[in-house]
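Heads up: the structure comes next, in structure tokens.
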Amino acid sequence: MLKTLEQLNGSTLPHQKKIYFASDFHLGVPSHQESLRREKKIVRWLRHIEDSAAAIFLLGDIFDFWFEYKFAIPKGFVRLLGKLADLTDKNIPVFIFTGNHDMWMFDYFPDELNIPVIHNPVSISINNVSFFIGHGDGLGPGDRKYKFLKKIFRAPISKRLFALIHPTVGMWVAQGWSRKSRLKNSELDKQFFGKENEWIYLHCQEVEQQKHHDYYIFGHRHLPLNLPVSDNSQYINLGEWISDYMYASFDGHNIELLHFHE
């Protein structure tokens with residue numbers, strides 16, 4: 001049975017169970033060999049946390065590119081997909097958010113892996129602790145060029161047109177675009193330019209003025225961050241798994257931003 005966010009919202013964590021968050025695996029780059037090593041490490045992390053996991057949130061850019069044709073999905077990633085299926089078969093809820101690199105997720109994860117796909121930030125409460133969760137792309141001020149492109153890419157007509165391209169050609173073109181975008185911004189992604197220039201953080205401040213949340217948890221930024229949004233709320237960015245291998249753990253009261261040590 002598909003576990004929904006509505007079912008999780010307002011729930012209480014079982015004793016000694018935790019909620020886990022991670023994002024930005026970017027599987028598929030920079031090479032097959034390096035992506036495979038990273039994929040195996042992610043699977044080891046999932047094995048490491050599964051006994052204590054009440055739910056797992058993967059907040060986007062799990063793949064450096066993903067598009068679901070009617071009868072085809074991107075080649076590879078069988079170890080991760082198999083482990084995710086194993087988790088949901090064990091009734092451990094997994095939720096996947098789309099990111100800017102894998103926004104074209106449709107029915108495959110819900111139908112085959114029993115995993116809901118979420119396309120926009122959501123507000124939920126667990127153990128009477130409130131969260132605002134999402135990938136983070138296109139939020140806050142600035143980045144107008146990307147926001148314009150995002151509207152085009154997410155338009156139904158764009159999905160239908162891309163689906164008409166043969167998968168070999170379409171995925172080759174899209175993977176090249178994706179790699180170019182990631183490499184172009186990789187250095188900027190690792191630098192902190194002050195709170196006034198952190199667009200996701202500024203968006204969290206705007207949301208906090210309208211509705212209080214204890215924790216704002218996002219990915220996208222590739223820089224692990226833990227910043228106060230107000231006197232009683234925190235903004236946490238999960239970093240990435242290309243080099244940092246960061247994740248967050250919620251024990252029912254507090255969140256820790258952790259590095260996966262094997």
Side-chain angles (χ1 to χ4, degrees), residues 19-46 48-49 56-66 74 76-77 79-81 83-84 94-103 105 118 121 131-140 143 146 150 174-175 177-193 195 197-201 203-204 215-227 234-250 255-262:
I19 307 288
Y20 292 97
F21 305 86
S23 73
D24 292 85
F25 297 161
H26 285 279
L27 290 174
V29 295
S31 67
H32 172 73
Q33 291 78 12
E34 290 186 48
S35 175
L36 182 58
R37 283 196 292 269
R38 189 160 69 252
E39 181 183 0
K40 290 179 179 179
K41 185 164 187 168
I42 293 163
V43 170
R44 292 195 295 273
W45 169 68
L46 290 170
H48 173 70
I49 67 170
I56 300 169
F57 287 82
L58 303 178
L59 301 189
D61 283 0
I62 303 307
F63 309 98
D64 204 64
F65 172 71
W66 184 275
F77 321 123
R79 291 165 183 81
L80 175 62
L81 297 178
K83 185 58 192 173
L84 293 176
V94 179
F95 302 94
I96 285 186
F97 287 67
T98 56
N100 49 304
H101 283 258
D102 50 16
M103 66 175 67
M105 288 183 173
I118 303 157
F131 298 85
F132 193 63
I133 306 168
H135 180 63
D137 58 310
L139 300 181
D143 211 2
Y146 170 71
K150 183 178 179 179
Q175 286 169 349
W177 175 288
S178 179
R179 287 191 184 97
K180 182 179 178 182
S181 171
R182 191 183 60 80
L183 291 171
K184 179 181 178 181
N185 295 297
S186 60
E187 292 300 320
L188 293 175
D189 286 340
K190 303 296 290 183
Q191 298 180 43
F192 180 64
F193 296 107
K195 295 178 182 178
N197 296 305
E198 290 290 335
W199 295 336
I200 303 174
Y201 173 75
H203 178 73
C204 294
Y215 292 106
Y216 294 82
I217 305 178
F218 288 90
H220 183 58
R221 185 64 177 85
H222 288 204
L223 180 67
L225 293 169
N226 189 344
L227 303 172
Q234 293 289 125
Y235 160 62
I236 293 172
N237 196 284
L238 298 168
E240 43 79 9
W241 277 69
I242 298 170
S243 59
D244 290 338
Y245 316 113
M246 302 296 295
Y247 68 100
S249 168
F250 173 65
I255 281 190
E256 288 186 281
L257 190 57
L258 303 167
H259 179 94
F260 177 49
H261 295 283
E262 299 193 73

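Note that these values count all heavy atoms, side chains included, but never hydrogens, waters or copies made by symmetry.
Among residues two or more places apart in sequence or in another chain, the salt bridge (Lys or Arg N to Asp or Glu O under 4.0 Å) test is passed with E39 by none. Among residues two or more places apart in sequence or in another chain, the side-chain contact (heavy atoms from CB on, under 4.5 Å) test is passed with E256 by L258. Here K41 pairs with R44, W241, Y245, F260, E262 under the side-chain contact (heavy atoms from CB on, under 4.5 Å) rule; sequence neighbours left out. With sequence neighbours left out, the side-chain contact (heavy atoms from CB on, under 4.5 Å) criterion links N197 to F193. Remark: Y247 engages W45 in a ring pair (Phe, Tyr, Trp, His ring centres under 6.0 Å) (not counting sequence neighbours). Applying the side chain to side chain donor-acceptor pair (under 3.5 Å) criterion to D24, with sequence neighbours excluded, gives H26, H222.
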If you apply the rule side-chain contact (heavy atoms from CB on, under 4.5 Å), what do you find for L227 with K195, and how did you get there?
CA-CA 9 Å; L227 303 172; K195 295 178 182 178; 4.3 Å; yes

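Between F132 and Y216, the angle of the ring planes goes over 60°, which puts this pair in the perpendicular group of the 30/60° scheme.
Tested against I217, the residues I255, N237, L257 include a single side chain to side chain contact (heavy atoms under 4.5 Å, CB included) partner, I255.
Sequence neighbours left out, the pairs with a member in residues 234-249 that pass salt bridge (Lys or Arg N to Asp or Glu O under 4.0 Å) are K190-E240, K190-D244.
In terms of heavy-atom proximity, L238 sits nearest to A248 at CD2-CB, 3.5 Å. Among all heavy-atom pairs drawn from L139 and W199, the shortest one is O-CB, 3.5 Å.
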